[in-house]
Amino acid sequence: METVNTVAEVRNLVRQWRKEGKSIGFVPTMGYLHDGHGSLITRARENDKVVVSIFVNPMQFGENEDFSKYPRDLERDCRFCESLGADLVFSPPPSEIYTPGFCSFVDLSALTDRLCGKSRPGHFRGVCTVVTKLFNIVKPDRAYFGEKDAQQLAVIKRMVQDLNIDVEIIGCPIVREPDGLAKSSRNTYLSSKERKAALVLSRAVRHAEALVGDGIIDSDTVVSALYDIIQSEPLARIDYVKAVRCLTMEDTDKIEPQTLIAIAVYIGKTRLIDNLIVR
Ligand code: PAF
């Protein structure tokens, strides 16, 4: 496996692979990799070559968010990528991505003003801008994103369609800890008491699954049941619980296939998300 830090090095390698007729799978990450990322890398091996980017993107963090304390461990991440059969890790410094005078952005006029976008203004502008840049650098055939960040996945699918970016976007299922907590690099912020409290998210998701399984299709009924569960946990503070259409993020009164039941909850200072996509 190769590890490079510059755009030029990625381009040289990718150009060579393309000449050899190889297909390229791409997994963009912010590092501190866990089995959720691992599942994306493993899936990306359906391509001839797998590129993983590791870049904590300053543009997608708000002023009072956790950019500076976001966990980082590049050496461990590289070992992890290699063990899963990745071919290239691209871990640029911010100066390689945001060169002096940088002033071009990718912004969607819908989908991004609600759910996580409402609580984190500017977040999706940062995500879309960096993902577009990474797509232009790596030029992958397929790119892999986790369904835990369901809004991000919908936003990127929309962006790729709107801007005719020549890449197939593939969503991969949420990976959970044995006790149900969705894997996230931010779980490392939780104290042991908070870690236990955080299980309220997966409990709520399981409850939503059971209600939908029992044939309850009224969104308000499901959402208010989830509120009750989450509010019963003293360390939890709800950011949102919503039933929306998976691709457009529009509210829906009725739960049907492709409804996303999405939750965002603060456990102490840590904001966690989880969801159920109704199939
Ligand atoms: O999901 C993430 O880790 C990030 O938002 C992404 C897609 C790598 C862009 O920085």
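Residues take their numbers from the sequence shown, with the count starting at 1. Counting convention: from 1, in listed order, for ligands and their atoms alike.
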CD (Gln151) and CE (Met249) are apart, to the nearest 0.5 Å, by 5.5 Å
So the atoms of ligand 1 within less than 4.0 Å of a heavy atom of Val130 turn out to be 9 (C), 10 (O)
Those residues at least two apart in sequence (or on a different chain) that pass salt bridge (Lys or Arg N to Asp or Glu O under 4.0 Å) with Asp228 are none
message: Gln152 versus ligand 1: do any nitrogen or oxygen atoms come within less than 3.5 Å of each other?
response: yes
One finds that the ligand 1 atoms under 4.0 Å from a non-hydrogen atom of Thr29 are 8 (C)
Of Gln60, Met59, Lys148, the one whose closest heavy atom lies nearest atom 10 (O) of ligand 1 is Gln60
Apart from Phe61 itself, members of its ILVMFWY cluster (side-chain separation under 4.5 Å) are Met30, Val56, Phe67, Tyr70, Tyr189
- Would you call Asp179-Arg195 a salt bridge at under 4.0 Å N-O? yes
